[in-house]
Structures are given as C-alpha cells and as structure tokens.
Amino acid sequence: MRSRQEWRQARVIDIAHPTEDVRAVTFAVNGPLSAFDPGSHTNIRVMIHDAPAIRTYTVLPSAPGTLKIAVKLHPNSRGGSAWVWSLNPGDVTEMTTPENRFELSWRASHYLLIAGGIGVTPIFGMAPALISGGQSVRMIYGGRSQAQLAFRDELETLLGDDLELFVEEEGRSFDLDAEFSRLPLDAESYVCGPIGLLNASKAAWQRAGRPMSRLRFEVFGDSGHYGESAFWVEIPALRKTVEVRPDQSMLEALLQSGVDMVYDCQRGECGLCAVGVLDHEATIDHRDVFFSPTERAQNVRMCACVSRAPGGTISIDTGYQSAPL
Ligand code: FES
C-alpha cells in the first residue's frame, strides 16, 4: 500500500553519461506533465530477477513532455541501477507523474545546498531554480574523485564562487559546524547524499541550535537498500519465515512473499514501513534517517525499506492489519 500515483507510459529517447558511472536517461512520457518541480521524484516500473518491481529516482530538469533521471551504476548491482543501465533508446516502461517530498520552501533569506555523490540529483534541480528566482545560494558538493562529480561543469558555470567542491582523494571534506555557524538565522539547508552525511548534518544542525524545520534532507537513490549478505525474517503472527536476498530490501522480500505492509518513501525517511523487532540474533544495521540515534540503539523498531540484519535471523511484528471487509 502506498500513496496514490498516476502511471504513464514512458519511452527512452536519450541516454547520456555525466560521469563514467552515472547514466542520465530521458523518457518521453504520454499525457500532460506539470512543469519541473525541483526536488521531485518519479517511480519507475523495472524488472529485477525477471520480476516486476518499482524504483524511485529524482527528476532532473528536462524539456516539456519528458522526464529525466540520472542513476549511478552500483558495483555488482542486480537491482534498479543495473536495469536503468540496460535500457536502450526506444525501450518502453511506465513512470509516475512526479511527486515532491523535498520541496524548496521559498521562505529563507539564504539557501545552503549540500550534495554528497549522486545525491547531487535533486540539488542540481534546486540550484538553477533558486538562482533564477533571485535567491541567495551557496552549494557544497563532495565526492570521491573529481571525475565522479556529476554535473560539476554545469554547476560551476551556474554558481561560480558560490560552489565549493570537496574531493576525498584530495583529502578535503565538509566542515558542517563551520558551514552552519556562518548562516543567517533564517537560512535553510537542503542536504542529499549518503546516510552518514545526513546524520552528520542533522547532528551539526542541532549543535548549531538551529530549528530542525529549516534543515531538509533526502537519502539518495536506492543505494541504501541492499547488502552483502542475505538474512531471514520470522513473522510469528503469520507463521512465516522470509529470506531477504542481498539484492532485495526487507520490504521487497516481505511484499513478494505476500505480507501486507504499509510503506511510502522507500528511502528510510517517512517511517511508514517500520516494523516491531521481537527478537534478533543478528546485529541490526539501521540505515534510516527516521529514527533518532537513541531509538536505533534500542532496536525495538526498524525501517523495513532500508535496514537489514546481515547474516542472521530476526523476528518481527509487522504491526499492520488489513481493514476488515
Ligand atoms: S517506506 Fe518510508 S521509511 Fe520505509
């Protein structure tokens, strides 16, 4: 069960490579589309292991009537990124009309945009919108190497000195405390990147004494869902045990085995997919940004869409009952 979406037929019309490991795919979409909304995302029907699945990707600016996504190829991927990388011009699938849960507020005196790796995709749409709206913007953007900074040239042209790059290979990283301490009181920051960056941003924002309503963040792509090892999930109330393969999220495995689940974002952000943990022999690898560090340490609940228990067995209560007919 997830929020209502409008599915449209979509045909691949262009493929480009902003970096060696990032592929940008543009789809011509049947039916009217609203104007590009920075931070929005679309859901795409993909095939994984010959089974249909849904993946969610940020929408990039593109021509009217089209939707464009950029997807990093994850090593050994057998999931959504591998499927996107298998597409050719003319291939047809279905996509939802964009939704936005990472919207610009348009109420701040200054915007600090922070991108880590392929988390640049929503930020890449926000920067030009803010600039053309006459807003005060600074962006910091980090990646492993210069070659892996997708859309760097476009962002340098757009932002000039208001863009600062941090490259791990060159020994540079963000100083979030310094960045946040310089901001005006009513500034906002928008962060997209790996979970470590998001949690560090939340902690630094709180240390700076800033209201959490002015820090907005999004976990990127589907990189947080998968793991190196399988694990097993027992659901005593249903008398079921479900194997979660390395290339599946726990949510996907539960749904595929017929377990009713409530979910939405599939990025560890909304908390709708949270299940109760009754017992766990394996260490739980919490990968969400929904629970607080204290709640994660308690191991009482976990987000099924991203969190895992590699190599072991956990026992859960899905806490979801279908409405009686
Ligand atoms: S579906 Fe939103 S946190 Fe899992």
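Atoms within each ligand, like the ligands themselves, are counted from 1 in listed order. Values reported hereafter were calculated over all heavy atoms of this structure, with side chains retained and with hydrogens, waters and symmetry mates removed.
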J.: Checking E188 against S105: is there a side-chain donor and acceptor pair closer than 3.5 Å?
T.: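 Side-chain D/A pair, S105 to E188: present.
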
J.: Using a 4.0 Å cut-off to any heavy atom of E269, which atoms of ligand 1 qualify?
T.: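 Checking each atom against E269, I get 3 (S).
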
J.: Side chains of L251 and Q266, heavy atoms from C-beta outward: is any pair under 4.5 Å?
T.: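 Result yes, sub-4.5 Å side-chain heavy-atom pair found.
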
J.: Any luck finding a side-chain donor-acceptor pair between D186 and H110 under 3.5 Å?
T.: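 No donor-acceptor contact under 3.5 Å links the two side chains.
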
J.: Whether R172 engages the ring of F166 as a cation-pi pair (distance to the six-membered ring centre under 6.0 angstrom, angle to the ring normal within 45°) should be assessed.
T.: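 Because its charged atom sits under 6.0 Å from the ring centre and within 45° of the axis, R172 does stack over F166.
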
J.: How wide is the angle at atom 2 (Fe) of ligand 1 spanned by C270 SG and C265 SG, rounded to 10 degrees?
T.: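 About 100°, to the nearest ten degrees.
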
J.: Would you check if atom 2 (Fe) of ligand 1 lies under 2.8 Å from any N, O or S atom of C273?
T.: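 C273 does not place any N, O or S atom closer than 2.8 Å to atom 2 (Fe) of ligand 1.
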
J.: Which bit of R267 gets closer than 4.0 Å to ligand 1, counting heavy atoms only: side chain, backbone, both or neither?
T.: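 Neither part.
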
J.: Check each atom of ligand 1 against the heavy atoms of C305 and keep those under 4.0 Å away; list them by number with element.
T.: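 What qualifies from ligand 1 is 1 (S), 3 (S), 4 (Fe).
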
J.: Can a donor-acceptor pair be found between the side chains of T96 and N43 at a distance below 3.5 Å?
T.: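 Per modelled atom types, T96 and N43 side chains form a pair under 3.5 Å.
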
J.: Can you tell me if D264 has a non-hydrogen atom under 4.0 Å from ligand 1?
T.: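 For ligand 1, residue contact (heavy atoms, under 4.0 Å) with D264 is present.
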
J.: Please confirm if an N, O or S atom belonging to C303, backbone or side chain, lies less than 2.8 Å from atom 4 (Fe) of ligand 1.
T.: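 No.
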
J.: Could you tell me which atoms of ligand 1, counted from 1 in the order shown, lie closer than 4.0 angstrom to a heavy atom of G268?
T.: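 Going through ligand 1 atom by atom, the ones under 4.0 Å from G268 are 3 (S).
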
J.: Please list, in number order, the atoms of ligand 1 under 4.0 Å from a heavy atom of Q266.
T.: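 The atoms of ligand 1 under 4.0 Å from a heavy atom of Q266 are 1 (S), 2 (Fe).
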
J.: Does a side-chain heavy-atom distance below 4.5 Å link T56 with T42?
T.: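 Side-chain contact under 4.5 Å: no.
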
J.: Taking the six-membered ring of W7 as reference, does the NZ or CZ atom of R45 fall below 6.0 Å from its centre and within a 45° cone about the axis?
T.: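 The answer is yes; both the distance and angle limits are met.
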
J.: Can you tell me which residue and heavy atom of the protein come closest to atom 3 (S) of ligand 1, and the distance to 0.1 Å?
T.: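 The closest heavy atom on the protein side is G271 N, 3.2 Å.
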
